[in-house]
S.K.: 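Sharing a structure with you now.
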Protein chains: 2
Amino acid sequence: MQPPGKRLESAEKGASPLASVARPRVPTSEEERLIEAIELLFFSYRDFTSDPDTILEEIGFGRAHHRVVHFVGRNPGITVASLLDILRITKQSLARVLREVIERGYLVQQTGEKDRRQRRLYLTEAGAELWERLVAPQRERVREALAASGPGGETAWREVMFSLLDEAQRPDVEKIIIKEP
Amino acid sequence: MQPPGKRLESAEKGASPLASVARPRVPTSEEERLIEAIELLFFSYRDFTSDPDTILEEIGFGRAHHRVVHFVGRNPGITVASLLDILRITKQSLARVLREVIERGYLVQQTGEKDRRQRRLYLTEAGAELWERLVAPQRERVREALAASGPGGETAWREVMFSLLDEAQRPDVEKIIIKEP
DNA sequence: AAAATATGTCAACATGGCTGACATAAATTT
DNA sequence: AAATTTATGTCAGCCATGTTGACATATTTT
């Protein structure tokens with residue numbers, strides 16, 4: 001255990017700043033706004049995932065199962081390799097979740113027609129129902145949030161969210177999320 | 001193992017729709033936009049956390065340590081109970097992370113002056129440096145993203161993000177993230 | 001003096017990541 | 001035709017971070 005270092009000055013009511021304190025950078029107004037934005041992103045994302053979490057808990061699934069159901073529902077016939085690309089996890093991690101989702105009848109595998117090494121993934125009807133249950137509250141939450149902002153709010157929001165992506169990832173993400181009919 | 005259910009129609013190139021398929025709801029244009037927004041949130045949040053993740057890995061810390069360092073840095077002198085409220089984890093989970101962060105000299109505890117049961121938390125100078133390292137890339141990413149949107153973009157983005165919060169949580173989150181001088 | 005509060009700790013367990021090694025079938029290349 | 005590459009699966013073990021339950025200590029409040 002290292003010797004305790006000097007404390008930072010306290011900013012909380014009731015806290016007691018001592019004599020020897022590290023001088024924190026005085027935050028500029030812009031810095032303050034940016035930190036608030038960072039924290040807002042943290043808390044909003046947490047609430048955004050809370051509705052599905054509740055449903056998942058009922059049926060003994062976790063977020064990992066949710067992601068699989070969602071991206072298979074959204075990309076019927078997706079290959080295991082493509083799903084791994086989207087989720088960015090190892091095949092061993094995916095295998096475990098995939099097995100459970102298949103065993104419980106939410107998902108089926110179908111040998112690829114052209115390339116018979118592939119195991120293309122599809123939701124069953126039960127899977128489609130589950131996906132709808134999971135996505136409905138999120139869709140509603142996002143719908144209300146976008147509506148609550150003024151005109152042009154949705155566009156601005158999407159621009160900012162898109163710009164938060166790694167520059168190198170933007171084309172990939174666009175390909176993944178946009179489905180042209 | 002249940003019998004496999006019927007598959008959904010495929011939408012992916014190369015996929016082979018079979019005879020017996022579940023009829024997915026035909027997504028309206030609004031639904032499509034909302035789903036894209038949901039997925040954008042997922043991918044943006046992932047990239048948003050990727051820079052700190054890299055730094056954390058170097059020093060053998062995880063996201064849990066990051067959260068502790070961040071919210072103690074942002075709320076010097078915060079009590080353990082308040083930190084638990086923010087993080088919404090059990091005290092046993094926090095204890096483990098807290099111990100590691102303290103042992104490695106990034107954080108110190110100080111008995112509360114008024115209430116000597118409290119253990120108020122402060123970053124050491126090393127902790128403040130670490131926090132700055134972690135927050136700098138996120139701040140920069142958010143700064144660029146907000147700047148990339150048109151005028152009023154920041155306001156619209158914040159409105160939407162704020163509306164994504166559970167209604168009941170909004171006053172609490174506002175209290176947590178806004179620090180008036 | 002008793003009760004409530006703030007914090008800490010021990011033990012056991014679950015989820016969902018990871019690495020490494022190896023196996024199989026099918027497609028591609030030589 | 002044989003060799004190689006690719007798509008997928010599997011076994012085994014490890015790690016980070018969450019959980020519940022029970023109990024301990026110091027301090028404050030009633």
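The basis for the numbers below is simple: all heavy atoms, side chains too, and nothing from hydrogens, waters or symmetry mates. Residue numbers begin at 1 in each chain, while the letters A, B, ... track the order of the sequences.
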S.K.: Taking the basic N atoms (NZ, or NE/NH1/NH2) and the acidic carboxylate oxygens, is any pair closer than 4.0 Å for Glu30(B) and Arg139(A)?
M.R.: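 Here Glu30(B) does not pair with Arg139(A) in a salt bridge, since their nearest N and O are not under 4.0 Å apart.
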S.K.: Below 4.0 angstrom from OP1 or OP2 of dG16(C), is there any side-chain N or O of Ser93(A)?
M.R.: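 So the side chain of Ser93(A) is outside the cut-off, no N or O lying under 4.0 Å from OP1 or OP2 of dG16(C).
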S.K.: Please list, for nucleotides 26-30 of chain C, all pairs of protein and nucleotide N/O atoms separated by less than 3.5 Å.
M.R.:
residue : atom : partner   : partner atom : Å
dA27(C) : OP1  : Lys114(A) : O            : 3.4
dA27(C) : OP1  : Arg116(A) : N            : 3.2

S.K.: Can you list the residues that meet the side chain to side chain donor-acceptor pair (under 3.5 Å) rule with Glu140(B), with sequence neighbours excluded?
M.R.: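 Result, side chain to side chain donor-acceptor pair (under 3.5 Å) vs Glu140(B): Arg143(B).
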S.K.: In terms of the nearest nucleotide of DNA chain D, which residue is placed more toward the 5' end: Arg96(B) or Lys91(B)?
M.R.: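 Residue closer to the 5' terminus by nearest nucleotide: Arg96(B).
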S.K.: Please report the distance, rounded to the nearest Å, between CG in Leu121(B) and C1' in dA6(C).
M.R.: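 In whole Å, dA6(C) C1' and Leu121(B) CG are 12 Å from each other.
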S.K.: Could you state the atom-to-atom distance from CD of Gln110(B) to P of dA6(C) in whole Å?
M.R.: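 To the nearest whole Å, that distance equals 19 Å.
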S.K.: Arg88(A) CZ to dG16(C) C1': how many Å, rounded?
M.R.: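 Distance, rounded to whole Å: 17 Å.
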S.K.: Could you give the CD-to-C1' distance, from Gln109(B) to dT7(C), as a whole number of Å?
M.R.: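 Whole-Å distance recorded here is 9 Å.
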S.K.: State which residues pass side-chain contact (heavy atoms from CB on, under 4.5 Å) with Ala147(B); sequence neighbours excluded, sorted by chain then number.
M.R.: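 None.
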S.K.: Please determine if Glu113(A) and Arg120(A) form a salt bridge, counting it only when a charged side-chain N lies under 4.0 Å from a carboxylate O.
M.R.: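 No.
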S.K.: Pairs under 3.5 angstrom only: tabulate donor-acceptor contacts from the side chains of residues 90-99 of chain B to other protein residues two or more places apart or in another chain.
M.R.:
residue  : atom : partner  : partner atom : Å
Thr90(B) : OG1  : Ser93(B) : N            : 3.3
Thr90(B) : OG1  : Ser93(B) : OG           : 3.2

S.K.: Which whole-number value in Å describes the distance from Leu107(A) CG to dT8(D) C1'?
M.R.: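 Spelled out: CG on Leu107(A) to C1' on dT8(D) is 15 Å.
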S.K.: Can you measure Leu94(B) atom CG to dA6(C) atom P for me and round it to whole angstrom units?
M.R.: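 Rounded to the whole Å, the gap is 15 Å.
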S.K.: Tell me which residues in residues 50-69 of chain B lie within less than 4.0 Å of DNA chain D, going by non-hydrogen atoms.
M.R.: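 Gly62(B), Arg63(B), Ala64(B), His65(B), Arg67(B), in order of number.
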S.K.: Give me the residues of residues 38-49 of chain B where at least one heavy atom lies under 4.0 Å from an atom of DNA chain C, by number, or none.
M.R.: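 Those residues whose heavy atoms fall under 4.0 Å from DNA chain C, taken from residues 38-49 of chain B, amount to none.
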S.K.: Quick one: salt bridge (charged side-chain N to carboxylate O under 4.0 Å, His left out) partners of Asp115(B), sequence neighbours excluded?
M.R.: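 In terms of salt bridge (charged side-chain N to carboxylate O under 4.0 Å, His left out), with neighbours along the sequence ignored, Asp115(B) is linked to Arg117(B).
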S.K.: If the cut-off is 4.0 Å, is Thr90(B) near the phosphate of dT19(D), judged by side-chain N/O to OP1 or OP2?
M.R.: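 Answer is yes, contact under 4.0 Å.
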S.K.: Rounding to a whole Å, what distance do you find between Ile78(B):CD1 and dA6(C):C1'?
M.R.: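 Between C1' of dA6(C) and CD1 of Ile78(B): 14 Å.
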S.K.: Map Arg99(B) and Ile89(A) onto DNA chain C by nearest heavy atom, then report which one ends up closer to the 5' terminus.
M.R.: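 Its nearest nucleotide lies further toward 5', so the answer is Arg99(B).
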S.K.: Not counting sequence neighbours, list each pair that qualifies as a salt bridge (charged side-chain N to carboxylate O under 4.0 Å, His left out) and has a residue in residues 45-56 of chain A.
M.R.: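 Sorted result for residues 45-56 of chain A: Asp47(A)-Arg88(B), Asp51(A)-Arg141(A), Asp53(A)-Arg63(A).
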S.K.: Test of understanding: with side chain to side chain donor-acceptor pair (under 3.5 Å), list the residues that count as partners of Arg116(A), not counting sequence neighbours.
M.R.: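 Testing Arg116(A) for side chain to side chain donor-acceptor pair (under 3.5 Å), a comparison that skips the adjacent residues, returns none.
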S.K.: Not counting sequence neighbours, which residues clear side chain to side chain donor-acceptor pair (under 3.5 Å) with His70(A)? List them please.
M.R.: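 Only Trp131(A), Glu39(B) meet the side chain to side chain donor-acceptor pair (under 3.5 Å) criterion with His70(A).
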S.K.: Kindly write out the residues that satisfy side-chain contact (heavy atoms from CB on, under 4.5 Å) with Glu159(A), not counting sequence neighbours, or none if the list is empty.
M.R.: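 In terms of side-chain contact (heavy atoms from CB on, under 4.5 Å), with neighbours along the sequence ignored, Glu159(A) is linked to Thr155(A), Ser149(B).
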S.K.: Could you tell me the separation between the CZ atom of Phe42(A) and the CD1 atom of Ile86(B), rounded to the nearest 0.5 Å?
M.R.: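 Rounded to the nearest 0.5 Å, the CZ-CD1 separation comes to 9.0 Å.
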S.K.: Kindly write out the residues that satisfy ring-ring contact (aromatic ring centres under 6.0 Å, His included) with Phe48(B), not counting sequence neighbours, or none if the list is empty.
M.R.: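 ring-ring contact (aromatic ring centres under 6.0 Å, His included) check on Phe48(B) returns Tyr45(B).
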S.K.: Please report, rounded to the nearest Å, how far the P atom of dT10(D) is from the CD atom of Gln92(A).
M.R.: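 Rounded to whole Å, this separation is 12 Å.
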